[in-house]
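Have a look at the structure below before the remarks.
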Amino acid sequence: MRNIILTGFMGTGKSSVGKLLAEQLGFSYLDLDALIVADAGITINEIFARHGEPHFRSLETDTVRRIGDEERCVVSTGGGAVVSAENRRLLRQAGWVINLAATVEEICLRLRDDTDRPLLRDDRSGGRVAAMMAEREPFYADADLRIDTTGKSVEDVVAEIVRFLEARG
Ligand code: S3P
């Protein structure tokens with residue numbers, strides 16, 4: 001079976017859904033941000049602070065390239081990974097692309113105490129989240145399946161993905 005790539009804005013549940021989905025399918029689980037942190041030996045906040053966002057994006061593309069060698073893997077991507085056309089092409093090649101979404105209100109609620117996301121560190125307002133989401137919407141729309149996770153449990157979302165995969169054989 002093909003790899004499954006989860007895309008979506010920060011706080012849409014890619015990691016929790018990815019872990020449970022991998023467990024249910026008997027696939028391995030890969031978290032691109034975790035790979036970046038493991039390679040760099042510093043946190044994402046530190047990468048942004050010391051080296052800037054462009055450097056982070058280039059590390060991100062390096063990790064996206066690595067998924068091409070994987071099989072039977074569920075991969076969660078960072079929320080901004082789909083902004084690059086090159087990343088989108090590589091992700092599409094690597095497997096099914098499944099986009100997780102949620103309303104602005106839900107994202108704000110889920111991320112209200114978060115300090116690990118440098119792009120929302122100074123401003124986690126609904127306006128900021130809405131503007132970023134709108135800017136990225138065309139990239140999130142480039143997916144085989146989209147699921148609105150608002151008000152759904154991780155188990156519900158995983159079940160929807162499994163139904164999609166079963167229908168595709
Ligand atoms: C980012 C999302 C983060 C992480 C980095 C940048 C983004 O990942 O890659 O902070 O640009 O949306 P999560 O979506 O897992 O929070």
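Keep in mind the model is a prediction, meaning the values are calculated, not measured. Numbering starts at 1 and runs along the sequence shown. Note that ligands are numbered from 1 as they come in the structure, with each ligand's atoms numbered from 1 the same way.
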Closer than 3.5 angstrom, by distance alone: can the side chain of [X] be matched with the main-chain N or O of [Y] as a donor-acceptor pair?
| X | Y | result |
| --- | --- | --- |
| T63 | E60 | yes |
| D144 | W96 | no |
| R124 | R112 | yes |

Distance filter under 4.0 Å, heavy atoms only, around ligand 1 gives M10, K14, D33, I44, F56, R57, G78, G79, G80, R117, P118, L119, R136
Item to complete: Tell me yes or no: between the side chains of T7 and R136, is some donor less than 3.5 Å from an acceptor?
Response: no
- Message: Looking only at the side chains, is there a donor atom on one of T43 and N45 sitting less than 3.5 Å from an acceptor on the other?
- Response: no
Applying side chain to side chain donor-acceptor pair (under 3.5 Å) to T77 and not counting sequence neighbours gives none
